[in-house]
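What follows is a set of notes on a single structure, which appears directly below.
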Amino acid sequence: MSEAAGRPLRVLGFAGSLRQGSYNRALLRAAQAAAPDGMTLESFDLAAVPLYNGDVEAAGDPEGVAAFKAAIRAADGVLMVTPEYNHGVPGVMKNAVDWASRPPQGAALAGKPVGIIGASPGITGSARGQSQLRQAFEFTNSFCMPQPELLVFKAHEKFDAEGGLTDEPTRQFLTRYLLALAAWIRRFATA
Ligand SMILES: Cc1cc2nc3c(=O)[nH]c(=O)nc-3n(C[C@H](O)[C@H](O)[C@H](O)COP(=O)(O)O)c2cc1C
């Protein structure tokens, strides 16, 4: 049995959108509210993470990057909430993953269990963005939960003007998703 079995799981969530009215940021807040007993879900704002630049990295991680990597390291698992841009992963999310994949030996994301969810006003609910994001974890050697998938489609119909999740089926599925993620993370938690 892992040591984490006796204490709350620490999960770090971040959304791949910087805009205040973001459906994905709203989905992350809804996930925080729906986190099951035995799981704490903290959020990290990717606005603090600058564009990846190898020269900057060579001089030392900027403060926001160092904080981001430290938050991932301190977590038992990660929840990424991604929009879909042009059938792929938005730069904000991919940039964050790129920083957290460095250095390749001992990267913050290496060996980390990961869940991916996302929202879009379209009918595919960020499906292609999520699929593309998964590919990155082949290289980072992270353990991305295969199922279930949470695709919040027609997101504009499921959140109110304040970003509150109003769709009860989505909330119920989100709760089931988080329970599955907790079980997934416990498979890998060691400390
Ligand atoms: C550059 C750009 C490309 C987009 N491409 C897609 C897309 O391929 N599929 C999709 O479902 N929505 C697409 N959208 C719409 C986004 O899903 C929508 O703007 C969404 O609200 C973004 O997520 P957010 O609300 O978390 O900021 C695109 C939006 C932008 C700005």
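Only this structure's heavy atoms are used, side chains among them; waters, hydrogens and symmetry mates stay out. Each ligand, and each atom within it, is numbered from 1 in the order the structure gives.
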Inset, instruction - Give yes or no for whether the N/O distance cutoff of 3.5 Å, strictly under, is met between Ser17 and ligand 1. - result: yes
Legend entry - Within-cut-off N or O pair, Ser22 and ligand 1, under 3.5 Å: yes
Check [Y] with [X], please: is the shortest side-chain N to carboxylate O separation under 4.0 Å?
X: Arg10; Y: Glu42; answer: no
X: Arg102; Y: Asp98; answer: no
X: Asp76; Y: Lys112; answer: no

Legend entry - Nearest-0.5 Å distance, CE of residue Met145 to CZ of residue Arg187: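 It comes to 10.0 Å.
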Inset, instruction - State the CD1-OG1 distance between Ile117 and Thr170, to the nearest 0.5 angstrom. - result: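 Going from the CD1 atom of Ile117 to the OG1 atom of Thr170 covers 10.5 Å.
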Inset, instruction - Compare Pro83, Gly163, Pro121 and give the one whose heavy atom is closest to atom 17 (O) of ligand 1. - result: Pro121
Suppose we measure from [atom] to each protein heavy atom; which comes out shortest, and what is that distance?
atom: atom 19 (O) of ligand 1; value: Tyr85 CE1, 4.8 Å
atom: atom 10 (C) of ligand 1; value: Ser120 OG, 3.5 Å
atom: atom 14 (N) of ligand 1; value: Glu84 O, 3.5 Å
atom: atom 5 (N) of ligand 1; value: Asn86 N, 2.8 Å

Legend entry - Nonpolar side-chain network containing Phe14, other nodes, edges under 4.5 Å: Leu12, Leu18, Phe44, Leu46, Val49, Tyr52, Val56, Val65, Phe68, Ile72, Val78, Met80, Val89, Val92, Met93, Val97, Trp99, Leu109, Val114, Ile116, Leu133, Phe137
Atom indices of ligand 1, in the order listed, that fall short of 4.0 Å to a heavy atom of [X]:
X: Tyr23; answer: 21 (O), 24 (P), 25 (O), 26 (O)
X: Asn24; answer: 23 (O), 24 (P), 26 (O)
X: His87; answer: 7 (C), 8 (O)

Give the table of side-chain donor-acceptor pairs shorter than 3.5 Å for residues 34-41, with sequence neighbours excluded, one pair per line with atom names and distance.
unit_1: Thr40; atom_1: OG1; unit_2: Leu9; atom_2: O; d: 3.3

